[in-house]
Amino acid sequence: MPEQYQRPAEMAKAYEPQQVEPYLYAWWEQSGFFTASNHSDAKPFTISLPPPNVTGELHNGHAMYVVEDVMVRWHRMLGDATLWLPGIDHAGIATQLQVERLLISEGTSRQAVGREEFLRRTWEWKAKYGGEIQQQLRKLGFSLDWTRERFTMDAGLSSAVRTAFKKLYDDGLIYRGLRLVNWSPSLQTAVSDVEVEHQDRDVSMYEVRYPVAIEEPSTVRLTLTAEAKNQATWGSGSWAADATEFITVATTRPETIMGDTAVAVNPEDPRYQHLIGKYVVLPAIGRHIPIVADSYADPTFGTGVVKITPAHDPNDYQVAQRHNLPMINIMNLDATLNNEAGPYAGMERFAARAAVLADLEKEGLLVATRPHRMSVGIAQRGGEVIEPMLSEQWFVNVKPMAAMALAAVTEGRTKIVPERFEKVYTHWLENIQDWCISRQLWWGHRIPVWYTLDGKIIVPGPDDPEPQGEGIYQDPDVLDTWFSSGLWPFSTLGWPDDTADMRKFYPTSVLETGYDILFFWVTRMMMMGCYLTGQAPFETIYLHGLVRDKDGRKMSKTYGNVVNPLDYVRQYGADALRFTLITSGTPGQDLNFNPERTESARNFANKLWNITRFVLTKLGTDWKTDDSVIVGASCLLNFPYTLADRWIMSRYAWLVGDVDRLMKSYNFGEAGRQIQDFLWSEFADWYVEIAKVQLDGDDARKHLTREVLYTVLEGSLRLLHPFMPFVTEEAWQYLTGRAAEPQNRGTPEQQSQTPQVASIVLQPFPQPDSAIIDAQAEKDIELVRGLIVGVRNIRNEYKVEPARQVAAILVAGESTALLQAQRALIARLARIDDAQLQIVESLAEKPTSAAALVVGAIEVFLPLAGLIDLSAEQARLAKELEAAEADATRREGRLANGGFVDKAPAAVVQREREGLAAVHATIIRLRERIEDLG
RNA sequence: GGGCGAUUAGCUCAGUUGGUUAGAGCGCUACGUUGACAUCGUAGAGGUCACUAGUUCAAGUCUAGUAUCGCCCACCA
């Protein structure tokens, strides 16, 4: 605990989060409140923090971890052995890019400094930003078990990666092969399918004439000799001039013509029947390529003729395999054209496109150019157009794992919340393709494979010695970042070793993350977890929505609308930001972050602070915490509490029940909103005001009122603590009289032996107790509140100064006893002069020069001398009469409906009848009043 | 081409299994330094719950369709 903080003996007038938060967090952490015990008997509750990338600062998406903190703090208060394990992801591509950028800013480059130095610099980067991220997470109040922090490239986790790789390799699921992969030319690495985003773009579709060869097939040249490549320039030779027939292909990528090894037509297409089996001469380089029949060619699309470029298009790749066509790679790794491209060698792919088009145009082979909208593959990192490229890479055959991951969900062993994402999950896993896991990067887990000179592959286990010998070398590539993240829920607990943490905390309870990484991460963890540990890694997968800006736009650096959560923590406090994020939306739905809400959440924290301040002053110095009050409230039923006491306890009981239900169904936002609503609109606005009246009573009344104030507030603080940990802790410290006590309570073990723990963090979470619910009290207070609001309304309409006490006559009928009992608070809250307040059962002569309020059978007269305007009063009453009559008509209609009376639940019908009776009573009295005035 | 989500007050959003007169915050109007809080209080204005047709005694809520916006998936050269 920072020495410099000294909690003031008295609560400050306003809550100042900046003063309190750092100190409270340090205290919590140092006291070991967040450290999970793996040898307690309590049932475990585990969440592995989705590790943030070590790329830099946190953004508001990370602040959504608050959902996890709410769950974790809640379960900790429920007494579970709660572990929230933090960590950081090395984030291969993203981090490497950042460090490369840094090097470039220093005037050097990754290539210039070399692999070893580059890695040293990247570890340096990790040390710096990893530390910053930890501090940021602390500032948000996240109750993470820092003693168990992990990094994906720690020794233990790296060993887990090698164990997993070895197992999958030995099981025949990891293999190496030459495949068409998604190639990122600027990063010069392969990426997996999920790392390719698709954008619709307006491009051009070109129709290009290919001359049909006049030579016999036996003389065709399928490949070019070196000389031919040099000679094959436009217009040379007779092939173009001699051609008598042309076939027109449609293409969006004319620059790949040099890689064509066939053109395809649909076997059913009558236009091209006679050409199947013949050859065409490839423009630009003069190679002869066959015309094949394949159903891939759609007769209704383009010209019905497709050029087949197997090395640069996934569909063409398939066609080539069916027809045993050669595959010609015409590109270098940086997407410039290579020597196979003849005259275009050395050109960048898009420059080559322009050059080829110009030449085709010149030769009269470009027939048409049409606008075309198509989906283009874009690199998730970097945003460039992905190039399909033939390349030797490592792959995982994920089908067997996918089947296990699928079964875990369909059999209900793992539940996905909201449920609709189950469909997305299953659809994806059912159609899954092999996963390319090798990356041509330096930052990451080096692929644990060694090659010998004679081409053998050695995959040692994690504990085996590194293969040594003449010419033996390790694969230079690294693994996809998501390979190691896929092991996160168990590698962090010590897998593959049989550790105490694994036994206690695995499988984990909840995985909570954004739906945007469902395919990247969630499915991978499910597959790896099921396959490698034999158990689904989570009981529940809870997916939250994306945080957008206040206008619903995605946060992005280019828009400049990225929000740094720490800015809001500084300005409004962590609780305010947390409460905003948790209450701004609903499960699984994107939420628009509106800073105005953070301001009002800050106001709420301050309101709570001041409620506490008020209660504290009313408790007095002699107040002692009664533990029975903290534990439960049932004991309250045995004492002569007032109607208002019983009402607020009943409302509190409802709240506890609602919160319990909402938390269990993952509706944390609604739970938070309900707590706020209760504290502000019911407890502060009404009970606290009523308590002021009651505290003027005798000692017994005072004592009971204090008990209720204390009990409800203290319980509400505990309810709210998972949402707003700081202000609830600080307020609770004051309220429970522990503010002045020494703070350090020792180790968690010592704490658990101490019955009274000093922090709200380890207090029990309020549990539903329906015995406290008092329906009659709620109904009665409802009536009293209605009268008070009615009187205030009239005062307002007649512009009675707020300070002025007025006279009033309540004609209460059957409610006389009730209202007489509540006389003091009615007088106080409606600002009626107690000496001039009459509460009578009936009144023979009703005042005429008074404003009247009618609530059912009850009438309130306010003889506002000199203020009453009779015609205005009449108009006001007439308006109310109109509303009451409309209400009566509606209710009568409903009750006259036989279906309603027969089929609706009795309670609903009953309520309707009572309502109608009340409205009738209102109408009768309103008419009387209007008549009296007339 | 499939699939999903959203549409409720001027703005940003809630609304548990269908059940009185649909709520909150911000904003707006009037008033207010009442002994916790002006980061506040009191009262108020403001909505055809996108549209259409159904189911039902009863629909913001369930069903079908339509429109608009957004997202995801998919090999249309």
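Note on naming: letters A, B, ... go to the chains in the order of the sequence lines (proteins, then strands), and numbering restarts at 1 for each one. On a predicted model such as this, the values are computed, not experimentally measured, just so you know.
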(message) Using a 4.0 Å heavy-atom cut-off, does A/Val424 contact any base of the nucleic acid, only the sugar-phosphate backbone, or nothing at all?
(response) nothing
(message) Taking the nucleotide of RNA chain B with the nearest heavy atom to each, does A/Val688 or A/Glu596 sit closer to the 5' end?
(response) A/Glu596
(message) Suppose we call a contact any N or O donor and acceptor under 3.5 Å apart; does that hold for the side chain of A/Lys13 and the base of B/A38?
(response) no
(request) Please state whether the base of B/G35 and the side chain of A/Arg828 form at least one donor-acceptor pair under 3.5 Å? (result) yes
(message) Let's see if you can work this out: which of B/A30, B/A36, B/G19 has an atom nearest to the side-chain heavy atoms of A/Lys799?
(response) B/A30
(request) For A/Arg831 and A/Val806, indicate whether the former's side chain and the latter's backbone hold a donor-acceptor pair under 3.5 Å. (result) no
(message) Is the phosphate of B/C4 approached by A/Lys423 (side-chain N or O, under 4.0 Å from OP1 or OP2)?
(response) yes
(message) With a 4.0 Å cutoff (strictly under), does any side-chain N or O of A/Ser600 reach OP1 or OP2 of B/C26?
(response) no
(request) Please determine if A/Glu782 and A/Lys779 form a salt bridge, counting it only when a charged side-chain N lies under 4.0 Å from a carboxylate O. (result) no
(request) For A/Val305, report the nucleic acid contact type (base, sugar-phosphate, nothing); a contact means any heavy atom under 4.0 Å. (result) base
(request) Give a yes/no answer on whether the side chain of A/Asn603 brings an N or O atom under 4.0 Å of OP1 or OP2 in B/C40. (result) yes
(request) Rounded to the nearest angstrom, tell me the gap between atom CZ in A/Arg804 and atom P in B/A43. (result) 19 Å
(request) Could you check whether A/Gln589 gets within reach of a base, just the sugar-phosphate, or nothing at all, counting any heavy atom under 4.0 Å? (result) sugar-phosphate
(request) Would you kindly compare A/Arg673 and A/Arg890 by the position of their nearest RNA chain B nucleotide and give the one closer to the 5′ end? (result) A/Arg673
(message) Quiz question: going by heavy-atom distance under 3.5 Å, is there a donor-acceptor pair between the base of B/U39 and the side chain of A/Arg602?
(response) yes
(message) So A/Asn793, base contact, sugar-phosphate only, or nothing? Heavy-atom distance under 4.0 Å.
(response) sugar-phosphate
(request) State, without any angle test, whether A/Ser681 and A/Asp677 hold a side-chain donor-acceptor pair at a distance under 3.5 Å. (result) yes
(message) Tell me the interatomic distance from A/Arg201, atom CZ, to B/C76, atom C1', rounded to whole angstroms.
(response) 18 Å
(request) Considering non-hydrogen atoms only, spot the tightest contact between A/Ala402 and A/Ile432 and give its length. (result) CB-CG2, 3.9 Å
(request) In whole angstrom, give the distance that lies between atom CH2 of A/Trp680 and atom C1' of B/G23. (result) 16 Å
(request) Report yes or no: is there a donor-acceptor pair, N or O only, under 3.5 Å between the side chain of A/Gln676 and the base of B/A14? (result) no
(request) Give A/Ala907 one of three labels, base, sugar-phosphate or nothing, depending on what nucleic acid heavy atoms sit under 4.0 Å from its own. (result) nothing
(message) Please report the distance, rounded to the nearest Å, between CZ in A/Arg795 and P in B/A30.
(response) 20 Å
(message) At 4.0 Å (heavy atoms only), tell me whether A/Glu670 reaches a base, stays on the sugar-phosphate, or touches nothing.
(response) sugar-phosphate
(request) Could you check whether A/Gly585 gets within reach of a base, just the sugar-phosphate, or nothing at all, counting any heavy atom under 4.0 Å? (result) sugar-phosphate
(request) Starting from C1' on B/G1, measure out to CE on A/Met374 and report it in whole angstrom. (result) 16 Å
(message) Check this one for me: any side-chain N or O of A/Arg597 less than 4.0 Å away from OP1 or OP2 of B/A14?
(response) no
(message) With a 4.0 Å limit, can you tell me whether A/His198 has a side-chain N or O closer than that to the phosphate oxygens OP1/OP2 of B/C73?
(response) no
(request) Send over the distance from A/Gln910 CD to B/U20 C1', rounded to a whole Å. (result) 13 Å
(message) B/U34, OP1 or OP2 - any side-chain N/O from A/Arg831 closer than 4.0 Å?
(response) no
(message) Taking pairing as Watson-Crick or G-U wobble with both contacts under 3.5 Å, can you name the mate of B/C31, or confirm there isn't one?
(response) B/G41
(message) Exactly one of A/Phe726, A/Phe604, A/Tyr568 should register a ring-ring contact (aromatic ring centres under 6.0 Å, His included) with A/Phe579. Which one does?
(response) A/Phe604
(request) Can you tell me the pairing partner of B/U68 across any strand shown, Watson-Crick or G-U wobble, with both distances under 3.5 angstrom? (result) B/A6
(request) For B/G65 versus B/G47, give the span between their C1' atoms, rounded off to a whole number of Å. (result) 25 Å
(request) Could you tell me the separation between the CZ atom of A/Arg661 and the C1' atom of B/U16, rounded to a whole number of Å? (result) 4 Å
(message) Please name the nucleotide paired to B/G60 by Watson-Crick or G-U wobble geometry with both distances under 3.5 Å, or report none.
(response) none
(request) Tell me which nucleotide among B/G35, B/A36, B/A77 gets nearest to the side chain of A/Asp696. (result) B/G35
(request) Side chain of A/Arg613 only, please: which of B/U21, B/C4, B/A36 is the nearest? (result) B/A36
(message) What I'd like to find out is whether the side chain of A/Leu662 reaches to under 4.5 Å of the side chain of A/Phe668, using heavy atoms alone.
(response) no
(message) Does A/Glu419 have more than 12 heavy atoms from other residues, nucleotides or ligands lying within 6.0 Å of its CD?
(response) no
(request) Round to the nearest Å and state the distance from A/His544 atom NE2 to B/G5 atom P. (result) 19 Å
(message) Less than 4.5 Å apart, side chain to side chain, heavy atoms only: is that true for A/Tyr210 and A/Pro283?
(response) yes
